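Every value quoted in this text rests on a predicted model; they were computed, and no experiment measured them.
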Amino acid sequence: MAWSQLDIWIVIAYFIFMIGLSLWHRKFASGGMENFFLGGRKVPGWLNGVSYTAALVSPDAATGYGGLAVVTGAFISWWYLSRFGLALFLAGVLFAFFWRKLNLFTSLEFYDLRFKPRTAQVMRFWIAIRTSFIAMPAWTGITLLAACKIMEPAFGFSKMETLALIVPVSFAFVFFSGYKGVVISNLIQMSIFIVGALVLAFFTLEHFGGPEHMAATIQNTFGMTNPEIMQVIPPIDHEVFPMMAAMAWMVGQSIGYGGDAAPMGGAMEGQRILSTRSPKEALTMYVVTAVTMFILLLLVTLPSVSAAVIWPELREPGADREQVYGMLMKEMLPAGAMGILVAAMLAATMSTVADNLNFGAQVLVSDVYRKWLVGNRGEKHYLAMGKVAMGLILSLSLMVVFNVDFIVDVAIFMLQLSAAELPANWAQWWWWRFNGKARIAASFGGALFFCLVVLVPKMLVHFNVPWGAELVLPWWWQTLLVMGATTLLWIIVACFTKPDPDGLLRNFHEKAKPLGYWGAYAHRNTHVRKSADTRPIVNGIVLAIIGFVATCLLVIGLTDFWFANYSRGGSELLASAVLFWIFRKGITKYLHFLENRDRNF
């Protein structure tokens, strides 16, 4: 399909608008570090939630999840529900209030409050380097790669042509506008993305003659060979995504989530929390993120399930199924609609690239450059170095684009690595006995176990060691094994080494007012003694589960509607609405409890 004049002008208009928007926010962004990196801490929670969705749902979602949808089916939603759903609600309910109350500039400053200076220095340096030179280049790189995989089948663009179209505008935008401009543009870009995805979903349904005919066609094509394609729950046995994979994904990404606001799987999260106007709005950010993200992911994955009928060869081993969304665009969209969706894909790409560059630069400048190299210069100097850092991170991202073939492989690698130390992130908030040595053991021991369980077997296979293949486990078992071994290691270290100094723990408890097991530090105040136990944690987990189940029913209900299961879908949506009402009532009381506790501490 050739570009029409209408498509070209839609994309050109979008680029002009984005450059104008960045210049509009230039003056505010140049006002200081908090303006450039945190939007002056005046961003509403709902807007930060939409912005975080824009950062997480980029073309790599359309390509990575879309490609997986081709070989799985209607249950593709569990790939992202198990990965993000419970994790986001746990982080929002149990930790958002506490992170925002600390009023940090970067979430890595937490380690200066919680641990002895030497441990804090090691952790801040390690996580800053890991975030800026591993996580942000990896996620940015696969976002750019995803854009290439969409533009190639849709228009025949090479990688270099796609990057030349996207990278300069993305970098110029974040260079001038800073975080506030990024957040405002994310709202606009999300709106464009939703419109574009809805347009493609509509034309896909029209291609098949409506949901009933589409469902019948899929059933006739795959009913005998792959009946699971119409299931909304993962089957027990599946080559790509069995039920055990969903459970491992959920455990590996949920237990411990929220205790560190700079995880490998969603590193710019801390920036969203710390830039909100209040602790309450930090929680709003998480809830809005969960709902908007899953609805948008549905819009890009459900048409890809239907695409398996049109291109069954994409289900074959070795096929580059991640091009399916671009192929759908070329097949389904008329002139004008194609321009809208291309603008949507470019918008989503720019959202993620801008977010990653801004956050990575913030951490690199604040937690490495200013802390370790040049610590006595003015704001203008650090703003300039932040822009240099963005250029460095972007350069590393381009290396990923030209050295990676499949987006899903990078996502699994990154999330397996982060899962290793996640449970320790809860312990550092809730257990006074968790000391600096345990923190080091969790972070570096987890990386060691990851290498032993994941990388060493692959290396043995690469060098043709006969028994090497027997050590290669499915990724879901690898995740649980690494996570369990790392957790056992840091528990042993915490129990058999001396606790951190009494004064350090007392000061942290008074400033952060954490929940959980704080022994004598909580018992100094009778009010705190009654509230600083496990009951608020259990109540928070129950509320998070209610919010998660409500979201799952919303997603499953909409999926059933797509495949013409109207009665079942309607029941699921009704149950979802009831649970969301219960969640809203419960979370209001929970926040009231936390606010009273904070005042009376």
- prompt: Which class fits the ring pair W429 and W99: parallel under 30°, tilted 30 to 60°, perpendicular over 60°?
  reply: perpendicular
Do W490 and F444 have ring centroids that are under 6.0 Å from one another?
no
Which of W79, Y65, Y325, Y80 passes side chain to side chain donor-acceptor pair (under 3.5 Å) with T301? It is Y80
Would W126 and Y111 count as a ring pair (Phe, Tyr, Trp, His ring centres under 6.0 Å) if you check the C-alpha gap in whole Å, the side-chain angles of each, and the deciding distance to 0.1 Å? CA-CA 11 Å; W126 159 240; Y111 295 101; over 10 Å; no
In terms of side-chain geometry, is the basic nitrogen of E281 or R100 positioned less than 4.0 Å from the acidic oxygen of its partner? no
A side-chain contact here means heavy atoms from C-beta on lying under 4.5 Å apart; do F449 and L489 qualify?
yes
Checklist entry - Given side chains that start at C-beta, do those of M136 and L357 come closer than 4.5 Å, heavy atoms only? => result no
Checklist entry - Do L505 and R114 come within less than 4.5 Å of each other through their side chains, counting heavy atoms only? => result yes
Value for CG (L579) from CD1 (I545), rounded to nearest 0.5 Å, stands at 12.0 Å
Is the F89 ring parallel, tilted or perpendicular to the F583 ring (thresholds 30°, 60°)? perpendicular
Taking every heavy atom of S132 against every heavy atom of I393, the minimum-distance pair comes out as O-CG1, 3.6 Å
Worksheet item: Looking only at side chains, do N425 and R439 share a donor and an acceptor under 3.5 Å apart?
Response: yes
Q.
Between E239 and R315 (salt bridge meaning N to carboxylate O under 4.0 Å), is one present in this structure?
A. no
